[in-house]
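Report on the following structure.
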Amino acid sequence: MTEKLVPCMLVPLIFSFLSANHICEVRSSRVDRIYSTMMNADMDAVEAENQVELEEKTRLINQVLELQHTLEDLSARVDAVKEENLKLKSENQVLGQYIENLMSASSVFQTTDTKSKRK
């Protein structure tokens with residue numbers, strides 16, 4: 001015996017079929033939105049992490065450059081001090097020789113021979 005579906009009986013079947021499809025579509029849409037939100041959050045987190053890394057790299061590069069300039073300045077200062085030191089050493093040698101010459105030429109600084117005076 002085959003039952004004939006009367007139009008009023010089809011409505012609930014069609015409604016339940018449409019409802020099931022609609023529920024699946026809504027769930028699928030929600031899943032898609034949740035997945036998209038999660039992916040966007042992951043991408044935002046990755047971008048934020050990349051931004052932090054980039055800022056840290058930039059800070060370190062600037063610090064290295066500053067230290068390089070400081071090292072160059074200190075190196076130039078050391079070279080200048082070495083040059084000045086050599087100049088002063090040379091001047092001290094000249095002055096030392098001049099003083100020795102003056103002392104040897106002056107009778108005040110002549111060595112006295114105590115043995116010859118006692119005789």
Side-chain angles (χ1 to χ4, degrees):
M1 170 173 174
T2 310
E3 288 184 29
K4 286 193 169 183
L5 294 176
V6 188
C8 61
M9 292 176 70
L10 285 177
V11 170
L13 284 175
I14 292 172
F15 182 73
S16 85
F17 176 75
L18 290 176
S19 293
N21 281 343
H22 179 71
I23 289 170
C24 288
E25 287 175 13
V26 167
R27 284 185 182 162
S28 176
S29 174
R30 285 183 185 163
V31 168
D32 288 345
R33 277 185 283 156
I34 291 170
Y35 179 76
S36 176
T37 301
M38 288 173 54
M39 290 301 292
N40 287 338
D42 286 346
M43 289 175 64
D44 289 344
V46 168
E47 286 180 21
E49 187 176 318
N50 288 342
Q51 183 66 27
V52 168
E53 287 179 9
L54 180 63
E55 289 172 0
E56 181 68 12
K57 285 179 183 178
T58 302
R59 187 186 67 77
L60 288 173
I61 288 170
N62 288 336
Q63 189 176 11
V64 166
L65 291 173
E66 183 180 330
L67 290 172
Q68 282 179 337
H69 292 304
T70 301
L71 181 60
E72 289 171 357
D73 293 344
L74 289 172
S75 181
R77 178 71 178 132
V78 166
D79 290 342
V81 168
K82 282 182 180 179
E83 189 177 313
E84 182 69 18
N85 187 28
L86 288 174
K87 180 182 167 188
L88 292 173
K89 277 184 180 180
S90 176
E91 288 177 6
N92 281 345
Q93 286 177 340
V94 169
L95 289 173
Q97 188 65 43
Y98 178 73
I99 291 170
E100 277 183 31
N101 290 342
L102 285 176
M103 288 173 58
S104 65
S106 173
S107 61
V108 174
F109 295 105
Q110 292 297 321
T111 59
T112 55
D113 190 5
T114 55
K115 291 182 183 177
S116 62
K117 286 187 178 180
R118 289 186 188 173
K119 288 186 182 182

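In this chain, numbering begins with 1 at the start of the sequence shown.
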For Leu54, is there any backbone N or O sitting under 3.5 Å from a side-chain donor or acceptor partner on Thr58? yes
Asn62 side, atom CG; Lys57 side, atom NZ - distance, nearest 0.5 Å: 14.0 Å
Neighbour count >12 (heavy atoms, 6.0 Å) for atom CD, Glu91: yes
Side chains of Asn101 and Gln97, heavy atoms from C-beta outward: is any pair under 4.5 Å? yes
Do side-chain atoms of Ser75 reach the backbone of Leu71 as a donor and acceptor pair under 3.5 angstrom? no
Interatomic distance, OG1@Thr70 vs CZ@Arg77, rounded to 0.5 Å, equals 15.0 Å
How about Glu55 and Gln51: does a side-chain donor come under 3.5 Å of a side-chain acceptor? yes
